[in-house]
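Written below as structure tokens is the structure these notes are about.
The figures that follow rest on heavy atoms only: side chains count, while hydrogens, waters and symmetry mates do not. When a ligand or atom number is given, it counts from 1 through the structure's own listing order.
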Amino acid sequence: MKYSEIMVRYGELSTKGKNRRTFIMQLAQNVKEALAEFPNLRVRGERDRMHLLLNGEDSELIIPKLTKVFGIQNFSPSIRVEKDLAVIKAKAQEMMQEIYTGTETFKITGKRSDHHFEIDSQQLQLFLGNAIVDIFPDIKAQMKRPDINLRVEIRDEGAYLSYETIKGAGGLPVGTSGRGMLMLSGGIDSPVAGYLAMKRGVEIEAVHFASPPYTSEQALQKAKNLTQKLVAFGGDIQFIEVPFTEIQEEIKRSLPQGYWMTITRRMMLRLTDMIREARKGLVIINGESLGQVASQTLHSMVAINEVSATPIIRPVITMDKLEIIEIAEQIETFELSVQPFEDCCTIFAPPQPKTRPNIDKVHQYEERLDVEGLLARAFAGIKVEKISAQQETTEFADFL
Ligand code: ATP
Ligand code: MG
């Protein structure tokens, strides 16, 4: 069917009273960014609905992408026609001719939002119901759970006809809950954590620690590609690359290996917090899952978390690996995550990290490091790059 627009119904946002306007504007922006590859698409956010004017863009390509954007309850691809009964009737008949295969039951749901329109909702339903029976005399009308529900809505700007209601991603528009720094490795867990934080409206910036030449260009690209997968849920994401080589070399050189992991993580968290502050973020998000590895015991978390009072959101903390993988597959990050490019933690992983680090020893060992100097130099070397939707996998193809 050649649709002229998609009518979007807002999710939870309708309950947000005064913030409604901000929510709608944010969602409109996110939709534009997530669908940036369709240049003719126009987005109009109104109080109770959002309209995506297709201007010739293909709804078949847009629909699967729209189902990912957070903050949308459901949507209906619609055809807009003049508010003229003869025109509406002809279009309703034409649509039924395309959909009806001879066995379905049907119903017309009429709605008159424009009260100046010549007939009311009931009369409209009757009029169009009859028009359908005229062309399909054997068709059965059914009010409860019909196979086809043809909706006709008379609004100020025109009459809208639709028959499909497609479920949206739910959640809140990304950005409406404030900003957080996602610690994004190349692994399976952190992209899922980012996705889940986005679901509740958190705008994320991806902070990635890279240790060239120990970590490769491909590992960095992998993290960027993972970030790009997340763009689909709420628009552009800033990717922040942090040079971590000096810190890792220094830790390896001057500390006993049992404490490499704990102190590395503390340095990562300190840097992430500095970046958060500089970029006006409110929280930090990571992909820690309780008990998964040595750094993710409660004892380790306490020792690592000591360096920051910033709230840390850990969306996958209580999930089993298989549950995390299930989401990773659904959001299409899994395949990227399992590419074998080592990240900085794998390469510097000690053979026997402490699962119960002693906090006094942690402090004692850190005295051997020029913590402030190391942090300042790494911070000075961060690189920020905006990751947008666009042609998904072009760069990625080189590494297959
Ligand atoms: P993931 O699958 O997310 O890599 P993981 O199970 O491998 O997680 P760790 O490697 O212990 O766990 O990392 C725990 C968390 O620390 C990650 O989920 C991520 O949030 C953060 N992290 C680890 N390595 C990096 C990195 N190179 N850059 C940014 N954050 C990282
Ligand atoms: Mg990892």
Side-chain angles (χ1 to χ4, degrees), residues 180-197 202 204-212 214-216 218-224 226-227 229-230 237-245 247-248 251 260-276 283-301 303-305 307-308 310 312-329 331 333-350 353-355 357 378 382-383:
M181 301 291 128
L182 170 67
M183 299 177 71
L184 181 77
S185 67
I188 296 169
D189 306 331
S190 43
V192 171
Y195 162 82
L196 291 170
V202 181
I204 57 161
E205 295 196 343
V207 176
H208 177 74
F209 293 86
S211 299
Y214 306 103
T215 59
S216 61
Q218 285 99 316
L220 178 64
Q221 187 59 49
K222 174 180 169 183
K224 290 183 186 174
L226 284 167
T227 306
K229 287 288 181 191
L230 298 179
I237 298 174
Q238 303 294 332
F239 181 90
I240 302 166
E241 177 190 346
V242 189
F244 205 50
T245 315
I247 292 177
Q248 292 206 287
I251 287 173
W260 289 355
M261 186 274 300
T262 310
I263 293 177
T264 303
R265 297 301 168 139
R266 285 165 63 97
M267 295 301 275
M268 277 188 175
L269 185 53
R270 287 180 172 115
L271 273 164
T272 306
D273 209 22
M274 288 163 73
I275 296 167
R276 175 201 62 75
V283 296
I284 291 170
I285 300 127
N286 72 22
E288 285 173 339
S289 166
L290 187 57
Q292 206 183 81
V293 290
S295 60
Q296 297 172 23
T297 62
L298 289 180
H299 294 87
S300 278
M301 269 186 229
I304 296 165
N305 215 153
V307 302
S308 166
T310 299
I312 301 184
I313 297 180
R314 298 178 173 89
V316 303
I317 193 71
T318 60
M319 288 187 196
D320 293 348
K321 195 73 188 184
L322 288 177
E323 294 175 295
I324 301 173
I325 289 175
E326 207 172 295
I327 301 177
E329 279 175 336
I331 65 172
T333 54
F334 184 73
E335 261 183 65
L336 283 170
S337 292
V338 296
Q339 287 183 313
F341 304 124
E342 309 279 6
D343 80 3
C344 61
C345 300
T346 333
I347 284 175
F348 287 89
K354 289 252 183 293
T355 52
I382 65 173
K383 287 189 207 144

Fill in the blank from the handout: Within 4.0 Å of some non-hydrogen atom of G187, the atoms of ligand 1 are 1 (P), 2 (O), 4 (O)
Fill in the blank from the handout: With heavy atoms and a 4.0 Å threshold, my read on which part of V207 contacts ligand 1 is backbone
Fill in the blank from the handout: For S289 and M319, the nearest pair of non-hydrogen atoms, with its separation, is OG-O, 3.1 Å
Exercise for the section: Count the heavy atoms belonging to other residues, nucleotides or ligands that lie under 6.0 Å from CD of E326, then report whether that count exceeds 12. Expected result: no
Problem - salt bridge (charged side-chain N to carboxylate O under 4.0 Å, His left out) assessment of R276 paired with D273 - result: CA-CA 5 Å; R276 175 201 62 75; D273 209 22; 2.6 Å; yes
Fill in the blank from the handout: Quick note on ligand 1: atoms under 4.0 Å from a heavy atom of S190 include exactly 1 (P), 3 (O), 18 (O), 19 (C), 20 (O)
Practice task
For ligand 1, find out whether one of its N or O atoms is nearer than 3.5 Å to an N or O atom of G287.
Solution key: yes
Exercise for the section: Indicate whether the side chain of S190 and that of S185 have a donor and an acceptor atom separated by less than 3.5 Å. Expected result: yes
Fill in the blank from the handout: Ranking R265, R314, E241, M183 by closest non-hydrogen atom to atom 15 (C) of ligand 1, top hit is R265
Problem - F209-ligand 1 polar pair, N/O distance under 3.5 Å - result: yes
Completion exercise
The residue among I325, I327, L230 that forms side-chain contact (heavy atoms from CB on, under 4.5 Å) with V192 is I327
Completion exercise
Nearest heavy-atom contact between T227 and A206 is OG1-CB, 3.9 Å
Problem - Within reach of ligand 1, part of L184 (heavy-atom separation under 4.0 Å) - result: backbone
Exercise for the section: Looking only at non-hydrogen atoms, find the nearest pair between M268 and F209 and report the distance. Expected result: O-CZ, 3.3 Å
Fill in the blank from the handout: For I188, the atoms of ligand 1 under 4.0 Å from one of its heavy atoms are 2 (O)
Problem - Close-contact set for ligand 1 against N286 heavy atoms, below 4.0 Å - result: 20 (O)
Practice task
Could you tell me whether some N/O pair between Q296 and ligand 1 is separated by less than 3.5 angstrom?
Solution key: yes
